[in-house]
Structures are given as structure tokens and as C-alpha cells.
Number of protein chains: 4
Amino acid sequence: MSEHSWIQELLQIGGKEGQFSEKQLKILEAAVEMFAEKGYAATSTSEIAKKAGVAEGTIFRHYKTKKDLLLAIVTPTLFQSVAPFLAKEFVREVFDNEYETYEQFLRAVFSNRYAFVKKYLPAIRVLWQELAFHSEIKQCFQRVFTEHVYPKFARIVRHFQEKGELAELPVDSVIRLTITSLASFLAARFLLLPDHHWDDEAEMERTIHVLMNGLRR
Amino acid sequence: MSEHSWIQELLQIGGKEGQFSEKQLKILEAAVEMFAEKGYAATSTSEIAKKAGVAEGTIFRHYKTKKDLLLAIVTPTLFQSVAPFLAKEFVREVFDNEYETYEQFLRAVFSNRYAFVKKYLPAIRVLWQELAFHSEIKQCFQRVFTEHVYPKFARIVRHFQEKGELAELPVDSVIRLTITSLASFLAARFLLLPDHHWDDEAEMERTIHVLMNGLRR
Amino acid sequence: MSEHSWIQELLQIGGKEGQFSEKQLKILEAAVEMFAEKGYAATSTSEIAKKAGVAEGTIFRHYKTKKDLLLAIVTPTLFQSVAPFLAKEFVREVFDNEYETYEQFLRAVFSNRYAFVKKYLPAIRVLWQELAFHSEIKQCFQRVFTEHVYPKFARIVRHFQEKGELAELPVDSVIRLTITSLASFLAARFLLLPDHHWDDEAEMERTIHVLMNGLRR
Amino acid sequence: MSEHSWIQELLQIGGKEGQFSEKQLKILEAAVEMFAEKGYAATSTSEIAKKAGVAEGTIFRHYKTKKDLLLAIVTPTLFQSVAPFLAKEFVREVFDNEYETYEQFLRAVFSNRYAFVKKYLPAIRVLWQELAFHSEIKQCFQRVFTEHVYPKFARIVRHFQEKGELAELPVDSVIRLTITSLASFLAARFLLLPDHHWDDEAEMERTIHVLMNGLRR
DNA sequence: GATGAATGAGAGTTCATTCAT
DNA sequence: CATGAATGAACTCTCATTCAT
């Protein structure tokens, strides 16, 4: 019934239902939009309340502080951003030859994350923007990356290097080049020049093509 | 005598000397550092004044509003960021065969911008972070890019495509891939993982190498 | 079954039983403790609710306002504080030679009120502290005193002056000296220096002794 | 020129002049009056500002928090309350036979403290009322008492016991009885029944008389 | 009767900005 | 020019109270 389902989907970790009341969703939705537009520090709780159609006090009933509200948005977004790498079956899929080539793997990751960013753009904006200012978020990001994303990514890269598809560049560099190719395409596409005319399919294909040409043995 | 020469160098457009008084430089330096650390909106003018060792009123003697202070930092930084492309002789240098290949050109641009970012990191941080929140800055950025950087960059790319070095990809895509390769290397190096151990020379070389492999005919 | 019997005893005027439900007693007990510790104005109803283990709404079901809750505690405490003087048979006891001397009378009053304060300390604290801030309480106190306590006390003092035990000091002064001797002993003992080592019996005896030496003919 | 001289006199420790600006004195005066009337917790800073005729922000320019404002009033008042006992020459005066009897000494202390309380009544009210709620104040009070007031008082009492004027009661009890006699007279006179008709001279004389009769050998 | 989510007025505090000195 | 006290609007957050369940 609720129109806020996208927020609910994004923030619901573990798939429990009924986790958020109608008012809470309105608050979260309003907060995400305003934080994305003006930044956390420049957004007042009274603006959020007004936009959400609730009393200001209601916000603080659900989130003890304004910062808690930010974290309630940003933390799940952070985890969802790297969700594929957190899934238990993810690496097995790769090694079970679900993807025969790194290029196939890339294509899957790119289109999956493209869809993710497109769907949850405001929340990702907030995460990205506030990362710079809040050390808790930054540390959380770094921990998730080094403990979960990096090791799995590294195994995958080595796998395809052993198979002879990828050149013997340092694994770290391959990972960095891959991630920044994806991230910077998405940043350009959605953050920097969202109004530019984009042929998404073609541009993504070109990005992968150029990257693979560079990484291939 | 002043220790603030880096700020002075960055902000001084057109090379006039003595443009800034000692106090003004202290204010600017303090502002850059605090804005970079906590963000514009989360930094108070009283903090800046304290850090700069001046009275609060002094800030407003030089900059009518807090926002003016931000713009005084961000606008010159923005122009300096793309300074090579603004220089009159820049394109001519390329066509006069100063750079025989796109790769040479790339290498020059990369190392030049690498040095620039390294030197003026805090100011660039501020520019980058506030770009998202202030439409004036964003518009200024877009105007400079479309009016100055893009046309020159496009001519250069076409030049090397005609010389047969670069593949016949769409010019826009080549530009985008080039810029994001550079920008995302610098972002990873200086913003995201500044504490990671980096072999800058090698990593930059690899980045160029991979990019060229991808772009080459 | 209830552990709150002391509150019940204190607040129950006229001896009706079953006057308070279990939840109500919990609320009253929590309120007394918090008011005593932090003061009425600095205690929030939500704190009381939490400490009492009831919902916030429940408090307002029993007491229309927070102030009503205070008065529900303070008014009975006020009456109990001077209860002996309110008892019908009290003066008759004195004149029926139950106490042959003012000193005996004093001794009875002192030990009785000592026990009372010791038992109901938190409630008395609240009464004492809020007396200063709430004119209703102050007026109530003054009315009770002038209408009930003072006249009876005066008759008693005159009685022992006529019997020749007490010097012919002004009755008001005798009353004041007696009450403040008692009150300030109890205040020192229980409020100001509760952690000091006290030999209660001896100190009370000394207080009475000194007071009687002063008052005696 | 200022009409706030009484506040200035009370709060000025060490006699430095020009310590407080005009606005600051207005704030302090308004705060003392309101705290005395309604209590610290029930007084809002906006009320104080209005009464003082300054902007609310001005209060926080001088006192970082509301509590700091309270302490700025209460701490000096606490020290002034026991000032005679803090004076270096105080004990010497006693032993140099400035006071030949404890009664003379008492008379001097009583009239001195009577004048003090009368002059600074509102501040003393605040001190007295908030003592119960703020452990910092309570601890400060206890430290000052045990370290300065008590030892000097004890020497004086022993001095007059040795001279044979005072009975051999425990020193602590003599001190307690003396202080509570004074304090409770002042409390009754100024706090509890300020509107009652008092013959101050006579009542003080009676209090001393009764006390001395009790304490004398 | 009991609950607790919701409220909105008002709390203490911060802040960009002004202006007399 | 530089200062910093003063401002008052706006901020985050708390609270007594209400009311649908």
C-alpha cells in the first residue's frame, strides 16, 4: 500500500517485514531527499519534518539524534552497495563457471550495480557525500571493503589470471582499475552529468571493452 | 615571509602580487582546512576566526558573507584545476608536435595534475565536496568545462584519431574515459585511500598503460 | 503483596484501604524518589514512567497533570508531618498530665518525629524542597500551621509556663526555638550530613538538654 | 553609576574592579531573582534574557551553559557565606582576646551573618535551594566546611571550654548547636516566615541567650 | 484501565552577521 | 582596518499531554 517501498527495500536488512511504520518511512524518505539535495549539515530537522508531514518531535521519537537518522540511511545503503560481495554464494558462482570469463563477470557486476544505483540514487548520493565528513561512516566503509569485498575480489581476479585471461598485473591494480571504471562511469552518469544524453548500454559496453583491452593478457 | 604561500599561489589569478594581506591569508588557510575537514555547512565562522587567529568581525570585513569566503576559495581552485586547458598556448603545443602521441600527452597531463592535486589537496577536497551542494559552483564548473575544456580536448582527441593512434570510438567516450581514469586514480590515491601504500609512479604508469591499450586502434 | 507499603501508609489519609492500585503505587514511589533526587522541575514524566515500569500515558490516567502528581505526594506528607498536632486527643494527653514536664513532652515529640522523618525521608525531602517554589504548598503549610499547630503548641507552652517549668519568654519565641531545634537537628542529621557518623540518641538528648537549659526558668 | 552594585559586591572575589560589564550584571541580577523565585530548573534562559533586557544569545556569550550561570552565582555566594571563617586574621582576633567570651563572639557572628543574609537574600536562597540538587555544589560546600570552617570553629570552641566558659560537651555538638541556632533563626526569619512581624534585635538576643544558657558550664 | 505513538510548544544553544569602539 | 560584544533567528532536542487502539 505504501508508496515508500523503495526506501523500505533499501533499508530492510535481512528481509524482515513491517519493520518501519508509515510515518517512519515518510521521515526516511524526506530525509534522504533533503540530505541528497542540500547535504546533511545544511538540512534542518524542521525541514525534514515539514516535508515528511510529521511533527518535528516525531523524528526524535524514532531517531534519538539527527545523526542517528543519517546513519539509519547511510549504513544500510553502504552494505547494499557492496551486497553482491557479501552474499555467501557469490564467489562460488564465479568458480562454478557461472562466468566463463572476467568480461562476463564484469558485465554482470556492471549491469547489476548500474540498476542498483539508478534505483537508489538519492541514498547513494548521501552515502557518497557524507563519507568525507563522518569518520564512523568512513571506517565502516573501509572495514567492509577490506574484510569482505577485497578478499573475494582478489580471489576472482587471481582465478582469471590463472586461467590466462587477465594479464599479470598486480591484483590490487586490477581491482582498483575495475572498481574505478565502474564507479566513475556511474558517477559521471548519475552525479556529474545526469542531464547529458547518455546511451547507457553502449557507454557501459565501451567502458567494459576498453577496460578489458587494457587488462587482457 | 608568509608561510601561506601555497594558498596565495593557488588563489592568485593572473599573477598580481600583494593581493592578500597577512590576515586574509590566515583566514583563507584556516577556512580551507576546516571546510575540507568538516564541510562548509558544518564549519562555523567563529571556528575559522579562532583557527586563523583573528576576530570574527575581521572575516566579514574581507568577505561579506560566509558563502563569499567559500567562493573565494572554490572559484580559483576550479579554474586552476583545469588551468592547462585554459592556457592559450596549450592546444598549439599539442599540434606543434610537442607531444607525438596521445600517450605522451596523457603522461604529461597525468603528472601535471597529479602534482597539482598533491599540492593543493585541501582546496580540491573543498571544491569537490561542495560542488554537489551549490548550484552556482556546479554551473560554473559545467560552463568552464563545456566552453573551454571540452572543445580543446575534443580537438586533441580527433587529432590523434586522425593520426591513427586512437581507435574510432566516439570522441565523448574517449574524453570521458580519459578524464575519469585520471580523476578516479587521484580520488582513490588522495581521498579514498590516502593511507594505503601507493607506488605512485608505477600505478600512474599502469593506469595510462591500461587506458591506452583500451583506446588504441 | 506490595512492596510499596511505606508509600501507601504515608499517603493514605483516614486509613481507607485499597485506595491505590499496584501501578499507581509504583508511579508514586518512582515519583517520590526522582523528585527527591533531582527536584520536581528537573524530573520528566517519561523518567518516572520508565522507573515505575508503566507507560507514560498511565501516569496521566491517574493524575491529570504532572503537578497533580506532585501534590498527591506533598499534601499528605505535609499533613503527616504535623500529624500529632492534628490529632484530637493530642492536647488532652498533655493536659491530662500524660507529660509531667515540657522536657518529657519534648522527648516524646522529638523521638516521634525522628522516627517519622527517618521512615519517610524521600517524601519529606520533596515537601521541603518544593515548598519554596510552589505557593499553593506554602500557603497550605502556613494555613495548617497557623490554624492547627500554632494554637495547640501555644496552649501547651503556656501550660508549662504556668506550671513554672518554663521561663516567661514570649510564647512565639519558645515555639520557634523548640521547632527549629528539632527541625535543624533533623535537617543536619538527614539532609545536610547524612553520611556523618551520628550517635542519634545522644545527640537528640543533648539537643533537648541544651534547649531545656535555655528555656527553663 | 550601576544599580547592580550588590550583585557586584557579592560576586566579586578578591576585590578586582570592573570585572563585570553592565549587561553581565543585568543578566546575573535577573538570574538570581528568577532562580530564587522559581528555582533553577523551572527558569528558562529566555525569561532571564527578557528580564535582563538582553538578547538570549548574550547570556551564552558570557556563560557557556545555563549551569555555568548558576555556578557563577552560587559559588561566590557559598564562599561569602562562610567568609569570616576564611579570613586569615579571624582566629587570631578571637585568641587575641578581641572576644572575651563565647557569647561576645556569638553576638558578633550572629549580627554579621544576619546583615549578610539580609543584604544578599536572593542569592542565598538560590544557594540553599540548589544545594540539594547539584552534587558539585554540595561537594564544594562540604569541602569548604571541613577544610576551613570546622577546624577554626573547633579551636575557638576548645579555647572557651578551656577558659571554663563552655561546658564539656563534645565539640562537634557545640558547633552543630551553634550553627543550627543561627541558621535556623535566619531561615525562619527570611525564608519561612518573612512576612511575620519580627523584632530582630530581641529575637536574636533571645536565641543567643537560650543557646548560651544551654552551652554554659 | 493501559498503552505508546504523536504532538507542538518551548527548552537550551549556536551562528552568521552587524556595528560601536 | 580590526575588534568582539551583541543580536535574534534558527537550530537540535525535550517535554507534558493527548488519543486512537
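Around NZ of D:K138, the count of heavy atoms belonging to other residues, nucleotides or ligands within 6.0 Å exceeds 12.
As a whole-Å value, the separation of B:E22 CD from F:dA2 C1' is 15 Å. For the pair D:K50 NZ and E:dG12 C1', the interatomic distance rounds to 16 Å; values are reported in whole Å. Whole-Å rounding puts the A:F35 CZ to F:dT12 C1' distance at 12 Å. Remark: P of F:dA6 and CZ of D:F20 are 14 Å apart, rounded to the nearest angstrom. In this entry the distance linking NZ of B:K38 with C1' of E:dC15 reads 12 Å, nearest Å. Whole-Å rounding puts the A:D68 CG to F:dC13 C1' distance at 12 Å. Straight-line distance from the CD1 atom of D:I48 to the P atom of F:dT7: 15 Å, rounded to whole Å. Rounded to whole Å, atom C1' of E:dG4 lies 14 Å from atom CD of A:Q24.
Judged by Watson-Crick or G-U wobble contacts below 3.5 Å, the nucleotide E:dC15 has F:dG8 as its partner. Across all strands shown, E:dA2 is found opposite F:dT21 as a Watson-Crick or G-U wobble partner, with both distances under 3.5 Å.
Between D:K67 and D:H134, the side chains place a donor N or O and an acceptor N or O closer than 3.5 Å (distance only, hydrogens not considered). Between D:T45 and D:E56, the side chains place a donor N or O and an acceptor N or O closer than 3.5 Å (distance only, hydrogens not considered).
Looking only at distances, a side-chain donor or acceptor of D:T77 sits under 3.5 Å from a matching main-chain atom of D:I73.
Taking the nucleotide of DNA chain E with the nearest heavy atom to each of C:I59 and A:K23, the more 5' of the two is matched to C:I59. Map C:T58 and A:A55 each onto its nearest nucleotide of DNA chain E; the residue landing nearer the 5' end is C:T58.
To the nearest 0.5 Å, the span separating CZ on B:F79 from CG on B:L127 amounts to 11.0 Å. Rounding to the nearest 0.5 Å gives a distance of 9.0 Å between OH of D:Y40 and CD1 of D:I137.
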message: Strictly under 4.0 angstrom, non-hydrogen atoms only: write out the protein contact profile of nucleotides 16-21 of chain E, one letter per nucleotide from the 5' end, B, S or -.
response: BBB---
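Between A:H62 and the phosphate of E:dA6, there is a side-chain N or O to OP1/OP2 separation shorter than 4.0 Å.
Under the 4.0 Å criterion applied to side-chain N and carboxylate O atoms, D:K38 and D:E47 are assigned as salt-bridge partners.
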